[in-house]
Amino acid sequence: LENSLRSIPVVQEAKVRRRFFSSLEVRLVIIQPQLFLATVSADDAVEAIHLVDSQALREISMRDYSMYGNKVFVIEVSPAYAGHLKRYGLDDGVRQAIGLATEMGMDEGDRYRIIGRIRYEESLGKGFGNLVMDLPAYQSRLFIREPVSESRLHDAVRLIKLERETDAARNIALIGQLRYDLYAQSLVRRR
């Protein structure tokens, strides 16, 4: 039973002891991950959820994933890229995306999440790929086109928030979601 429990990807530690006369005591330590990687198809169907281990991905069941609720960030990746990551391990691009995502999950007061959805697309061996963050509170989508620091990303989100607050009369139904491209040296608003 102990070995079986240890084989579950979300179980960090399992101890099973027999108590006389007819009892078993089971103690489990469940992993508290910072984020999950979800394999999401082009039509937005979730194919698999992966726990990010130090260098690898471990697939978990949807039932195990559901026990975390929405308290853990999820980065979406394509099925082809997920297969690459499972085979070869995490590359530098996805590691940077993971770092940015975990840092940007909460606002400055750690009160609520400002990012609704994150999708990372591989760059076919060219370093950092395309990281897309939906910011539903500001009706915006941020495309991160090259590696940026956490402080640069925070500055960009602050500028997007400021623009949203100063343009309160904007009718989102007529204009739609705003799109921004973030580079190491610039933030560009697109139509």
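- Within the 3.5 Å criterion, the main-chain N or O of Val132 finds no donor-acceptor partner in the side chain of Arg141.
- Residues Tyr180 and Leu159 have side chains not in contact (no heavy-atom distance under 4.5 Å, counting atoms from C-beta outward).
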Next on the checklist: Set out, in order, the CA-CA distance, both residues' side-chain angles and the distance that settles salt bridge (Lys or Arg N to Asp or Glu O under 4.0 Å) for Arg158 and Asp155, then state yes or no.
Outcome noted: CA-CA 5 Å; Arg158 276 191 214 102; Asp155 290 344; 2.8 Å; yes
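- Considering every non-hydrogen atom in both Pro33 and Leu51, the closest pair reads CB-CD1, 3.4 Å.
- Counting non-hydrogen atoms of neighbouring residues, nucleotides and ligands closer than 6.0 angstrom, the CD atom of Glu25 exceeds 12 such neighbours.
- Counting all heavy atoms, side chain and backbone alike, Thr39 lies closest to Pro79 at CG2-CA, 3.4 Å.
- Ring geometry for Tyr120 against Tyr81 counts as tilted: the plane angle lies between 30° and 60°, on a 0 to 90° scale.
- Proximity of Leu135 to Lys161: side-chain heavy atoms (C-beta onward) are nowhere separated by under 4.5 Å.
- Residues satisfying the side chain to side chain donor-acceptor pair (under 3.5 Å) criterion with Glu59, sequence neighbours excluded, are absent altogether.
- Qualifying side-chain contact (heavy atoms from CB on, under 4.5 Å) partners for Ser186, counting only residues two or more places apart in sequence or in other chains: Tyr183, Val188.
- Taking the side-chain contact (heavy atoms from CB on, under 4.5 Å) definition, one finds that Leu5 meets it with Leu1, Ile8, Ala14, Val16, Val26, Leu28, sequence neighbours left out.
- Under the 4.5 Å side-chain criterion, counting only non-hydrogen atoms from C-beta, His154 is not in contact with Ser149.
- Under the rule for a side chain to side chain donor-acceptor pair (under 3.5 Å), Arg58 has no partner lying at least two apart in sequence or in another chain.
- Within the structure, the ring pair (Phe, Tyr, Trp, His ring centres under 6.0 Å) test picks out no pair touching residues 1-31 (sequence neighbours left out).
- Annotation: salt bridge (Lys or Arg N to Asp or Glu O under 4.0 Å) contacts of Asp43 (sequence neighbours excluded): none.
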